[in-house]
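In this text the structure is predicted, and so the values were computed from the model without any measurement. Start at 1 with the first residue, then count along the sequence.
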Amino acid sequence: MAEAAEYLNTSQRFPRRLIAERRIRFVKLGRFVRIPESALREFIAAGLVEPMTASDVWKAA
């Protein structure tokens, strides 16, 4: 959890909540829980918002 929290630049509670809410892939090995680095990258990519261009702004109006 500490490494996942550091990678996401959050507290350790946030990755725990992601797991509890089943919002991220994880591996459970006995009582240990591991989050693959690829799952962290996918989670970040899924939340990525691309910036709007000036033409996008004028189309929306």
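- Nearest heavy atom pair, residue Pro15 against residue Ile35, reads CB-CD1, 4.1 Å.
- Taking both residues in full, the closest heavy atoms of Ala5 and Ser11 are given as CB-O, 3.4 Å, listed atom of the first, atom of the second, then distance.
- With rounding to the nearest 0.5 angstrom, the CD atom of Gln12 is 10.0 Å from the CD atom of Glu6.
- When side chains are defined from C-beta on, Glu42 does not count as touching Ile24, because their heavy atoms never get closer than 4.5 Å.
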Trace of the side-chain contact (heavy atoms from CB on, under 4.5 Å) decision for Phe43 with Arg25: CA-CA 9 Å; Phe43 179 78; Arg25 287 185 301 115; over 6 Å; no

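- Annotation: Glu3, atom CD; neighbour count of heavy atoms from other residues, nucleotides and ligands within 6.0 Å does not exceed 12.
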Stepwise side-chain contact (heavy atoms from CB on, under 4.5 Å) test for Tyr7 and Ile44: CA-CA 10 Å; Tyr7 188 86; Ile44 292 170; 3.7 Å; yes

